[in-house]
Visitor: 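If you scroll down you'll find the structure; I have some questions about it.
Residue numbers begin at 1 in each chain, while the letters A, B, ... track the order of the sequences.
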Amino acid sequence: DTEVTQTPKHLVMGMTNKKSLKCEQHMGHRAMYWYKQKAKKPPELMFVYSYEKLSINESVPSRFSPECPNSSLLNLHLHALQPEDSALYLCASSQSRDEAFFGQGTRLTVV
Amino acid sequence: QKEVEQDPGPLSVPEGAIVSLNCTYSNSAFQYFMWYRQYSRKGPELLMYTYSSGNKEDGRFTAQVDKSSKYISLFIRDSQPSDSATYLCAMSDYGGATNKLIFGTGTLLAVQP
């Protein structure tokens with residue numbers, strides 16, 4: 001099983017809302033990632049968790065707040081987003097130096 | 001200069017053609033190379049994973065890595081309309097316990113029936 005599951009698949013939120021994106025994997029991977037992808041662009045790394053600790057934050061605005069409750073779960077908390085934050089948000093996982101597997105993404109629209 | 005350059009396409013081929021997709025890179029520390037296929041509005045799907053130089057074959061797909069030239073390729077034989085997607089190369093030097101991937105910009109492929 002190489003599945004990374006993301007929920008919800010679609011999300012529309014207002015600029016004053018608070019929402020969360022969820023990601024789950026059961027491959028025993030110890031590294032989990034959030035990426036942001038705009039249309040016709042490659043994914044851009046946002047955060048990396050390694051062994052449930054935040055190891056990389058690519059200077060992402062504080063309105064995005066990641067959380068890793070355990071080795072299988074990764075959340076991305078959203079607050080006071082801007083319309084330009086509308087994008088496909090991708091979760092991925094890997095086992096250290098192995099290949100990374102992506103979820104199907106959450107398509108976020110900020111209105 | 002970007003770390004990873006990918007032929008932008010778009011590329012349109014007839015069904016059954018051999019497709020060649022390519023990326024070049026500048027960071028000689030890259031050791032791990034991946035090709036992903038991404039359908040519109042979906043997440044990237046891992047197609048091939050290669051460590052260091054050499055060839056790897058999986059069905060209709062062959063990945064080649066030439067570290068001396070800093071050049072990687074993905075070949076698709078007997079291309080099908082279902083292969084129509086964006087193909088992303090990605091690579092990493094694995095400086096640690098995580099996989100910080102550097103992506104190419106993607107090549108949009110259309111296989112015409």
Visitor: Salt-bridged, A:Lys22 to A:Glu67, with N to O below 4.0 Å?
Guide: no

Visitor: Taking every non-hydrogen pair under 4.5 Å, which of B:Gln38, B:Gln6, B:Glu45 racks up the most with chain A?
Guide: B:Gln38

Visitor: At a 4.5 Å cut-off on heavy atoms, which part of A:Glu44 comes close to chain B: side chain, backbone, both, or neither?
Guide: neither

Visitor: Hydrogens and angles aside, do B:Tyr25 and B:Glu3 bring a side-chain donor and acceptor to less than 3.5 Å of each other?
Guide: no

Visitor: Run A:His29 and A:Ser94 through side chain to side chain donor-acceptor pair (under 3.5 Å) and show every step you take.
Guide: CA-CA 5 Å; A:His29 290 172; A:Ser94 71; 5.9 Å; no

Visitor: For the pair B:Tyr39 and B:Ser84, evaluate side chain to side chain donor-acceptor pair (under 3.5 Å) and give the outcome as yes or no after the intermediate values.
Guide: CA-CA 8 Å; B:Tyr39 293 111; B:Ser84 299; over 6 Å; no

Visitor: In terms of heavy-atom proximity below 4.5 Å to chain B, should A:Gln37 be classed as side chain, backbone, both, or neither?
Guide: side chain

